[in-house]
Amino acid sequence: METLKKTAEFAEVYEKGKAYGSKLLVLYVLNPEKDREEGRLGISVSKKVGNSVVRHRLRRLIKESFRLQKSKWAARDYVVVARKEAAGKSYAEIEETLFCLGNRSNSLAKGENR
RNA sequence: GGAGAAGGGUGAAUGAUCGCGGGGCGUUUUUCGCAACGAGGAAAGUCCGGGCUUCACAGGGCAGGAUGCCGGAUAACGUCCGGCGGAGGCGACUCCCGGGAAAGUGCAACAGAGAUAUACCGCCGCCGGCGGCUUCGGGCCGCGGGCGGUAAGGGUGAAAAGGCGGUGCAAGAGACCACCGGCCGGCCGGCAACGGGCGGCGCUAUGCAAACCCCAUCCGAAGCAAGCUCAAACAGGAGGCAUAAGGCGGCCCGUCUGCCUCCGGGUAGAGUGCUUGAGCCGUCCAGCGACGGGCGGUCUAGACAGAUGAUCAUUCACGACAGAACCCGGCUUACAGCCCUUCUCCGCUU
RNA sequence: GGCUCCAUGGUCAAGUGGUUAAGACAUCGCCCUUUCACGGCGGUAACUCGGGUUCGAAUCCCGAUGGAGUCA
């Protein structure tokens, strides 16, 4: 799975993309200029959210829920920002929130029930 | 059985499916496949010490910083071990930044007479004065003054020139005496810190050095974003080719632009440093112990936006603090519970 | 990952071991004004936390917590 790495790539999504927020997560979506085979994901967890273990676990949960349904996501650039309330939440809660935001941004393929 | 003291260990387990990291093997252009391995006791805070690397350096000193009872351990330490002294506890045991205040400087608010020095109220002696009483004797009482002796008592304070009891004295005072404390000098035990006991000195030296400072010992500086190697881009130098073309020039030489080769600097980037190490496990020997030595076995994360997760099933005490980033030795701080060993005191039973 | 700093009322801040911790803005009450503002008077409110040194600590020492800066 390809991920966003550079600060410039993140900044581009923040400035040009659209944002969709919820209590736990914030999703930024940007349609890339070139056509790409699959979407790219960037994850941002602030130091305010918690200590290293908490932040790392959130990163894994977001990454896993995106990876398992990767084929359904449109080939765009995504940045997911975890908010403070997301600390300590279970996989099911993170996954549900992420798919909800995906539907609102019309990034998920049709036929998805969530 | 209850109440404690000291030390150590552990930090949910098993299976299935999908997924991640580096290395190995097979295939080898990539890809793909296989079986193993893959976070901690604190990985944390960055408070000390070392290895390693680069820079600096004849030697020594100053400045600056750190440490501070004694002996030992160690690569080193501000760490550890064993003692000593002091404090606490019936005890097991625990706690202590524990050198020097007769080298010097400084500070000690307020209160108090006085803060390292003193004499306010007192107490006592001597000499005058005034008033009263009078047995008329400077005899008695009271008030006030001067000169001197004292530091017992009073009160202030965190702290007032050893404490307490006696002798002594006009009143007092280590002035003298016993006990306790202190200082000095031998002796004995101990490597030493120190302890024990003997003799002497009547006793002068308040506290603060986590105030400046003095003494002893130690320390060159920076840190893996250290450093080393390769190297697109882009500066530079040397040589050669073409002199076909252009600029300078009347023309030649020369010079700039062109192409090639070499040298060499170096950004992006890549590699290396990067995990075999003061390593871990077992056992024996020496030592009270920290630790040291011998023998045997073993290889156990190495990323570079940064790898351990998700789902399902079963069980239980329903899972704390928390994620490696060059590597070690410590310290400090966080931590749900569970387990083990040794010891102390109290109660009961035999 | 390394290094260097800071912390005093709600906010900005002074305070080099000794009264009840200075001041400004804000806030509350009263006065002034027909009312508001300005002005005047008065009040509430703080040494990040835990130990230690000292007779005495915001200040000195040790540890913790939170925050900031810097090295690409």
Side-chain angles (χ1 to χ4, degrees):
Chain A
M1 177 169 59
E2 198 170 358
T3 56
L4 295 176
K5 292 183 172 59
K6 302 282 184 183
T7 308
E9 294 173 339
F10 275 86
E12 191 180 5
V13 177
Y14 286 142
E15 288 176 14
K16 300 180 182 174
K18 289 186 176 180
Y20 303 88
S22 76
K23 193 179 179 185
L24 302 184
L25 304 173
V26 181
L27 177 69
Y28 290 85
V29 181
L30 177 67
N31 286 310
E33 296 176 2
K34 303 175 188 175
D35 284 340
R36 202 177 283 124
E37 290 187 1
E38 57 184 23
R40 298 195 299 171
L41 178 67
I43 302 168
S44 172
V45 186
S46 164
K47 216 168 184 177
K48 291 177 186 172
V49 173
N51 61 25
S52 175
V53 173
V54 171
R55 299 199 306 271
H56 207 95
R57 174 162 178 84
L58 273 175
R59 192 191 73 83
R60 285 168 175 155
L61 293 178
I62 293 165
K63 181 181 152 194
E64 186 72 6
S65 53
F66 182 80
R67 186 187 66 82
L68 289 175
Q69 307 291 333
K70 189 169 62 178
S71 58
K72 295 178 181 171
W73 289 84
R76 296 167 170 171
D77 283 348
Y78 303 98
V79 170
V80 179
V81 177
R83 313 184 82 158
K84 209 170 181 178
E85 288 75 12
K89 290 290 188 292
S90 71
Y91 174 78
E93 289 172 285
I94 298 293
E95 187 187 41
E96 185 181 348
T97 305
L98 188 63
F99 282 5
C100 173
L101 292 171
N103 276 326
R104 281 168 54 191
S105 63
N106 293 319
S107 299
L108 284 172
K110 290 186 179 177
E112 177 61 47
N113 293 325
R114 292 176 186 262

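Just so we're on the same page: letters track the sequence lines, and every chain starts at 1. FYI, side chains are in, hydrogens and waters are out, and symmetry mates aren't considered; it's all heavy atoms of this structure.
Across the protein-nucleic acid pair, A:Arg67 atom CZ and B:rA307 atom P stand 15 Å apart, rounded to whole Å. Computed from coordinates, the A:Lys63 NZ to B:rG309 P distance equals 11 Å when rounded to whole Å. Residue A:Glu95 contributes atom CD, which lies 17 Å from atom P of B:rG309 at whole-angstrom precision. Taking atom CG of residue A:Leu98 and atom P of nucleotide B:rG309, one finds them 20 Å apart after rounding to whole Å. Atom CG of A:Leu41 and atom P of B:rG309 are 19 Å apart (whole Å). Following rounding to the nearest Å, A:Phe10 (CZ) and B:rA305 (P) show an atom-to-atom distance of 12 Å. Rounded to a whole Å, the CZ atom of A:Phe66 is 15 Å from the C1' atom of B:rG19. Rounded to an integer number of Å, the gap from A:Glu64 CD to B:rC18 P is 13 Å.
The side chain to side chain contact (heavy atoms under 4.5 Å, CB included) search around A:Val53 returns A:Asn51, not counting sequence neighbours. The side-chain hydrogen bond (donor to acceptor under 3.5 Å, both in side chains) test applied to A:Glu85 returns no partner, not counting sequence neighbours. Not a single side-chain hydrogen bond (donor to acceptor under 3.5 Å, both in side chains) links A:Tyr14 to another residue, sequence neighbours left out. A search for side-chain hydrogen bond (donor to acceptor under 3.5 Å, both in side chains) contacts involving A:Ser105 returns A:Ser107, not counting sequence neighbours. The salt bridge (charged side-chain N to carboxylate O under 4.0 Å, His left out) test applied to A:Lys16 returns A:Glu12, not counting sequence neighbours.
Within the shown strands, nothing qualifies as a pairing partner of B:rA113 under the Watson-Crick or G-U definition with both distances less than 3.5 Å. Under the Watson-Crick or G-U wobble criterion, with both distances below 3.5 Å, B:rC97 has no partner in any strand shown. Within the shown strands, B:rG139 is the pairing partner of B:rC133 under the Watson-Crick or G-U definition, both distances less than 3.5 Å. In this structure, C:rG39 and C:rC31 make a Watson-Crick or G-U wobble pair, each of the two defining distances being under 3.5 angstrom. Of the nucleotides present, none pairs with B:rA226 by Watson-Crick or G-U wobble criteria with both distances under 3.5 Å. Across all strands shown, B:rG296 forms a Watson-Crick or G-U wobble pair with B:rC281, both key distances being under 3.5 Å. Using the Watson-Crick or G-U wobble rule with both distances under 3.5 Å, B:rC208 pairs with B:rG106. B:rA5 is paired with B:rU342 under the Watson-Crick or G-U wobble criterion, all donor-acceptor distances under 3.5 Å.
Here, C:rA57 and B:rU116 have their C1' atoms 26 Å apart, quoted to the whole Å. A distance of about 32 Å separates the P atoms of B:rG106 and B:rU156, rounded to the whole Å. Taking the C1' atom of each, B:rA268 and B:rC230 are spaced 14 Å apart, rounded to whole Å. Taking the C1' atom of each, B:rU167 and B:rG148 are spaced 27 Å apart, rounded to whole Å. Remark: the separation of the P atoms in B:rA76 and B:rC52 is 14 Å, to the nearest Å. Between B:rG91 and B:rC343, the distance separating the two C1' atoms is 11 Å to the nearest Å. If you take atom C1' in B:rC80 and the same atom in B:rU332, they sit 16 Å apart, rounded to whole Å. With C1' as the reference atom, B:rC299 and B:rG24 are 14 Å apart, rounded to whole Å.
For the pair A:Val53 and A:Ser90, both in contact range of RNA chain B, the more 5′-proximal nearest nucleotide belongs to A:Ser90.
Against the 90° criterion about 0, the sugar-base torsion of B:rA305 places it in the anti range. With its glycosidic angle more than 90° from 0, B:rU31 is assigned anti. Base orientation for B:rG23: anti, the chi torsion being more than 90° from 0. Using a 90° window around 0 for the glycosidic torsion, B:rU315 falls outside it and is classed as anti. Taking syn as a glycosidic angle within 90° of 0, B:rG155 does not qualify and is anti.
At a non-hydrogen distance threshold of 4.0 Å, A:His56, A:Arg57, A:Arg59, A:Arg60, A:Leu61 from residues 54-62 of chain A come into contact with RNA chain B.
In this structure, A:Glu96 and A:Glu93 have side chains that are not in contact, with every pair of non-hydrogen atoms separated by 4.5 Å or more. Side-chain contact between A:Phe66 and A:Glu64 is absent, with no heavy atoms from C-beta onward closer than 4.5 Å. Contact check for A:Arg83 versus A:Val26: side-chain heavy atoms found under the 4.5 Å cut-off.
Atom-to-atom distance recorded for A:Leu98:CG and A:Leu41:CG is 8.0 Å, nearest 0.5 angstrom.
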